[in-house]
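Working notes, structure below.
Each ligand, and each atom within it, is numbered from 1 in the order the structure gives. Note that the coordinates shown come from a computational prediction; the quantities given were computed from them, not determined experimentally.
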Amino acid sequence: MTISEWRQKLKKGEVSSLELVDEYISRIKSIDKLLHSYLYINYEKAKSMAKSIDEARSAGNELPPLAGVPFAIKDNLCTKDITTTCSSKMLETFVPPYESTVTEKLWNAGGVLIGKTNLDEFAMGSSTETSAFGATSNPWDLTRVPGGSSGGSAAAVASDLCMASLGSDTGGSIRQPASFCGVVGLKPTYGRVSRWGLIAFASSLDQVGPFTNNVADAAEVLQVIAGHDPKDSTCLKVPVPNYSKNLSVSISGLRIGLIKECFEQNGLNSEVKQSTLKAADTLQSLGAELVEVSCPRFTDGISTYYVIAPSEASANLARYDGVKYGYRSKDAVNLFDMTTLSRAEGFGSEVQRRILIGTYALSAGYVDAYYKKAQQVRTLIREDFKKAFESADVLLTPTSPTTAFKAGSHKDDPLQMYLSDLLTIPANLAGLPSISLPCGFDKAGLPIGLQLIANVLDEPRLLQVAFQYEQNAKVMESAPKMHFNVD
Ligand code: GLN
């Protein structure tokens with residue numbers, strides 16, 4: 001059921017908001033013990049939010065756009081009076097005294113909070129295995145990862161444990177799990193959506209966006225969360241267009257650019273490659289023109305990102321010092337020990353690794369060689385995109401070089417893990433909007449994701465191309481069945 005179908009049912013009184021919430025809650029109770037997509041569920045709050053929607057409907061009031069839509073929220077978005085952990089022992093007991101701008105907008109638009117979802121600790125990872133509270137499984141194959149870092153939000157939408165969810169994307173954390181779980185994941189233009197209340201990882205890259213079952217729903221959620229916010233100085237002060245308006249407009253004549261370098265990668269799985277090229281053919285059959293474009297520095301994005309993101313993380317995470325915030329070690333006998341022990345005990349090993357890399361890259365002797373150099377390469381990557389957009393309207397690549405990998409398979413090999421973001425990172429470095437949507441399944445029955453990238457603030461076109469592809473390719477209609485052993 002799409003959000004707009006739900007709206008009709010609610011309006012006509014076919015299903016009440018409370019009935020819908022009850023249905024999701026009972027499904028969560030029977031299935032989520034296998035997936036662990038949620039860290040926290042608040043039935044009482046969900047029910048009371050749903051009841052107020054039902055009351056508004058009975059009173060004949062006009063319903064807001066997302067009335068009664070059950071949402072799951074990545075647990076790095078602050079929710080007032082509800083624990084927000086970032087999947088870290090450091091914030092295990094943190095109860096924010098304020099609501100993030102994006103979630104506040106959802107609740108004002110009638111959305112219902114079902115619960116908070118699992119993530120890689122502080123959103124650092126690609127598999128949702130670094131969570132301090134246990135990993136999430138992929139609903140298509142429980143022995144595999146759902147991707148990350150927003151794995152809980154992706155798995156919850158894929159297995160119908162909410163209607164839509166929010167995630168955050170610093171280097172691919174919405175798109176890569178969307179691709180591994182067979183759902184739609186949208187990372188908006190940097191600055192399109194407020195970051196206020198999103199617990200910071202790498203501030204020049206972080207962006208909040210939706211996970212949904214279809215493109216039209218992604219447009220509806222973006223409509224609500226987009227827009228200027230005086231509380232976030234990087235949030236753009238530009239009008240929000242109507243994202244649903246052009247979805248049905250033909251893409252005939254649009255130029256789709258296939259980024260050459262992405263298809264020449266050694267590590268690119270052949271089924272993933274074939275499936276994305278087939279998606280390009282589908283777009284061509286709809287009247288789009290396929291052009292080959294080159295972004296020579298595209299694959300340098302990964303090394304650039306792994307200097308910039310840890311550098312910003314090392315600064316952002318300095319606030320967790322055991323003094324004023326988060327976990328405090330019980331064993332410390334002096335101030336120095338208190339900070340070092342609190343950080344050593346409160347942060348997991350991936351977070352510590354990032355802090356070490358970032359602190360090193362920013363240190364006086366190395367800042368020019370690493371951080372400054374990375375910023376220069378970032379500019380070159382942005383220029384490559386600029387040039388590519390002279391000959392293409394929207395760019396096309398696979399979302400991730402592979403489908404979902406086995407849980408534990410990259411545990412001792414962080415570089416292998418980092419490589420799964422090879423194709424998503426450049427859009428973050430350039431601040432561009434990008435979407436992942438299902439384009440097929442591999443022989444093992446695992447979803448494959450197609451990535452589309454548009455120019456700055458060109459979400460309307462990005463969504464139009466994605467919608468036209470989705471409506472014509474009908475990928476999910478021939479999806480294999482999800483098997484759950486529910487007792
Ligand atoms: N997987 C990438 C990382 O580990 C991206 C994470 C993200 O987008 N939050 O940093």
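Distances between N or O atoms of Phe201 and those of ligand 1 include no value under 3.5 Å. The shortest N/O to N/O separation between Gly148 and ligand 1 does not fall below 3.5 Å. Between Lys74 and ligand 1, a contact under 3.5 Å exists for no N or O pair. Taking only nitrogen or oxygen atoms, main chain and side chain alike, Ser126 reaches within less than 3.5 Å of ligand 1. Inclusion of Asp169 in the set of residues having an N or O under 3.5 Å from an N or O of ligand 1 is not warranted. Backbone and side-chain nitrogen or oxygen atoms of Met124 are examined, and none is located within less than 3.5 angstrom of a nitrogen or oxygen of ligand 1.
At least one heavy atom of Ser149 sits less than 4.0 Å from an atom of ligand 1. In this structure, Arg354 is part of the shell of residues with a heavy atom less than 4.0 angstrom from ligand 1.
Taking the ring centre of Tyr98 as origin, the terminal cationic atom of Lys80 falls outside the region bounded by 6.0 Å and 45° from the ring axis.
Within 6.0 Å of the OH atom in Tyr370, the count of heavy atoms belonging to other residues, nucleotides or ligands does not exceed 12.
Here the side chain of Thr189 pairs no donor or acceptor atom with the backbone of Arg192 at under 3.5 angstrom.
Classification of the Tyr418-Tyr306 ring pair by plane angle, with boundaries at 30° and 60°, yields parallel.
Counting only N and O atoms by type, the side chains of Thr399 and Ser436 include a donor and acceptor under 3.5 Å apart. Asn428 and Asp169 are linked by a side-chain donor-acceptor pair at a separation below 3.5 angstrom, with hydrogens and angles left out of the test. For the residue pair Thr103 and Ser100, a side-chain donor N or O sits within less than 3.5 Å of a side-chain acceptor on the partner.
Ranking protein heavy atoms by distance to atom 1 (N) of ligand 1, first place goes to Asp421 OD2, 2.5 Å. Considering only non-hydrogen protein atoms, atom 6 (C) of ligand 1 sits nearest to Ser173 OG, 2.9 Å.
Screening residues 298-324 for salt bridge (Lys or Arg N to Asp or Glu O under 4.0 Å), with sequence neighbours left out, gives Asp321-Lys324.
Counting atoms of ligand 1 from 1 in the listed order, those under 4.0 Å from a heavy atom of Gly125 are 1 (N), 2 (C), 3 (C), 4 (O), 6 (C). Listed by number with element, the atoms of ligand 1 under 4.0 Å from a non-hydrogen atom of Ala123 are 6 (C), 7 (C), 9 (N).
The part of Tyr306 lying near ligand 1 is the side chain, judged by heavy-atom distances below 4.0 Å. Looking at Tyr305 against ligand 1, only its side chain comes within 4.0 Å, counting heavy atoms.
Checked for salt-bridge contact, Glu92 and Lys89 miss the test: no charged N lies under 4.0 Å from a carboxylate O.
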